Amino acid sequence: MLSIRNLKVTVAGKQVLNGLNLDVKAGEVHAIMGPNGSGKSTLAQVLAGRDGYEVTAGTVTYQDRDLLALAPEERAREGVFLAFQYPVEIPGVNNVYLLKAGLNAIRKHRGEAEVDAFEFLTLVREKMQLMQMNESFLNRAVNEGFSGGEKKRNEILQMAILEPTLALLDETDSGLDIDALRVVSNGVNSLRRADRAIVMVTHYQRLLDYIQPDHVHVLTGGRIVMSGDKSLALELEKRGYDWVKEDSAAA
Amino acid sequence: MSLSAINQPAAALDHYRALFASRNVPDDALGKLRRASLERFLAGGFPTQRDEAWKYTSLRRVESRRFAPADAMPIGADESQWIADAGHRLVLVNGRYMPTLSTPAPQPPGVTILTLAQWASHSPTQVADFLARHDHAAPHATPPTANGAFEHLNGAFSDDGVVIDIAPNVQFEQPIYLVHQWCMPASARSAGSHMANPRIIVRAGAHSECSIITHWVGDETAESLTNAWLTFDLGVGARVSHLNLQEEPSRSFHIETTRLQLATNAHFGKHDFALGSALGRSGTLVTLGGPGANVSLNGLFAPTGTQHLDTYVHIDHAAAHTTSQQDFRGIAAGRGRGIFNGKVVVQPGAQKIDARQSNRNLLLSNTAEIDSRPELEIYAHDVKCSHGATTGQLDPVSLFYLRSRGLGESEARALLIRAFAQSMLSTVQVGAVREWLEARVQRRFDLSAGEHS
């Protein structure tokens, strides 16, 4: 589904990704772990199409298409979803309005009719229940005045409604207490499907207790230096990132 | 500088002197006031940008034209420009009150609506007294010069207008919807530049309540100057809300002076929306004259294309325990230019004042400009005054967030612009008017969202 080859990215003249390779197949859950500043968030942002990141080399192929050639909205309509590390507060834009506008943009792209108002409300109610969110959130401005945990839940709510093919989760566990982490993880787990892939970027192993990955990668110095199954995450937790750095330097 | 450029201002004044002479103004009390206004106008001429209150607005285009009252009257008017169901409707066309287009009497008890002419013929001395009292050249009046030349010009050429009297303790719930429309029959279109000098006088008795909507529209063929003068005189404990919606045609000039006089515990709320005209100036001059008086002003100015929209506010805290709030937003697109100048004066001895001012602006292109100028003059020591101003572009992170959810770039831009405007639109209480405004603002910004650079 997603194939990244030799990806090199600079941000403000500084090399952040330095020849990254990654393959993700449908149905898989990948965790990308790494120390601060290793390029994890850059990877997520570049895949979603954020401005200010310059790709200097490499390719990203998503469902046989050149992902990097697409505008952010085209990626979203093709099924790419980024759950932000810091969800943006947008005063004056209604939460439910954004959900509906996003869903309709994607449906239109697929040649489907706009969502029926009743159907939409039923869908939103069901997903809000899953995320244990009060309905009052619908008519509040997007993320405005939300707590850290509410913002993260809102991201997963959007994801549950937009039903992406490739979900990118950028530090979704950061700032969550244990109860919120459980709710958010439940939301993510409910979206696991054979035709959907999930890529989680995280600093801590903790999230992986709740969302079990098929593959774990270690990103440091702008490259994936080690890959394994979920036992790799446990080993990292025990031995720290310095172990990987030393190991990869030796190799 | 060429000789003709030096002479131009004088030539403009000669035009208005000759125009006045041709209009056979009678020598009664009102006529004397008009003549005095003319003399003051001629003595001072049009303000220049050396005048602090006009620092950002050049009047050269207004000065270079030879405006004359429009005498030709159309038979009908374009009703599609009016807001249906906005309230008790009063229509002025080309500066003249049109009874046949207005909501007919009877008026509810305690509410008197007259034309200026009717008022003058019923009670000429009252009119003369009122105008003399509100004549800004009188020594007690403040502030002296902000819109002075245009007030004098209005005083000299004001042929018509509306006087609204609300008796003490009367609550008039239905909004009064006053629409001024430029409407030129084909035969008058080539006849030069037209001006209207309407006067709107609202006298709200003690503890009365009313709501006024003024709406300025016109057909696109008119090259016109609307030079309006509005006075609101609020008695003790009176509450008045005023919604001002300026949608003049694109070749017109719109200068408006609103004078507010508030007695003890009176409350005035104004919502000011400046969307139309080539050059627009909204001047709101407030005197808080008794303890407990409160004025709340907010609004949105949104120049696009080459529009120039100037909002000037002067609030005079003349009594202790008075409060004021200003909250204005500007959105400029294309080569549009917006100005917000908010001045607050706290007079000596006026303690326990609370005055707040906020101005937030959004620039949608590299060629748009907004100048924001807060001014505070405080001559008392026990006061709370705050002001804040920001000007910026659309937030790129917000744009990316919306696009990452599937919204197209211009749709995302339009949504963020509307969201910025929404906080002003949502303050409008009258549903029909709010919906009208929302549709207007949406259409305007959906267009300008695409033309960024």
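Keep in mind that what you see is a predicted model, and the values were worked out from it rather than measured. Just so it is clear: chains get the letters A, B, ... in the order the sequence lines come, proteins before strands, and each one is counted from 1.
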With a cut-off of 6.0 Å (strictly less than), are more than 12 heavy atoms of other residues, nucleotides or ligands near CD of B:Q174? yes

A:D64 atom CG, over 12 foreign heavy atoms within 6.0 Å: no

Does B:D85, at its CG atom, have more than 12 non-hydrogen atoms belonging to other residues, nucleotides or ligands within less than 6.0 Å? no

Check this for me: B:R356, atom CZ, are more than 12 non-hydrogen atoms of other residues, nucleotides or ligands nearer than 6.0 Å? no

Partner of A:V88 under side-chain contact (heavy atoms from CB on, under 4.5 Å), picked from B:V397, B:L402, B:L399, is B:V397

Contact summary for B:E409 and A:E73, nearest pair of heavy atoms: N-OE2, 3.3 Å

Salt-bridged, A:E155 to B:R405, with N to O below 4.0 Å? yes

Counting only heavy atoms not in A:R5 (residues, nucleotides, ligands), do more than 12 fall under 6.0 Å from its CZ? yes

Below 30° counts as parallel, above 60° as perpendicular, anything between as tilted: where do the rings of A:F84 and B:Y401 land? perpendicular

Considering all heavy atoms, the nearest B:S404-A:A76 contact: O-CB, 3.3 Å

Residues of residues 89-97 of chain A with any heavy atom under 4.5 Å of a heavy atom in chain B: A:E89, A:I90, A:P91, A:G92, A:V93, A:Y97

Do any of residues 44-58 of chain A have a heavy atom less than 4.5 Å from a heavy atom of chain B, and if so, which, in residue order? A:Q45, A:A48, A:G49, A:R50

Chain A contact via B:S423 - which portion, at a heavy-atom distance below 4.5 Å: neither

Which one of A:L162, A:L98, A:I106 has the most heavy-atom pairs closer than 4.5 Å to chain B? A:L98

Does CD in A:E144 sit with more than 12 non-hydrogen atoms of other residues, nucleotides or ligands closer than 6.0 Å? yes

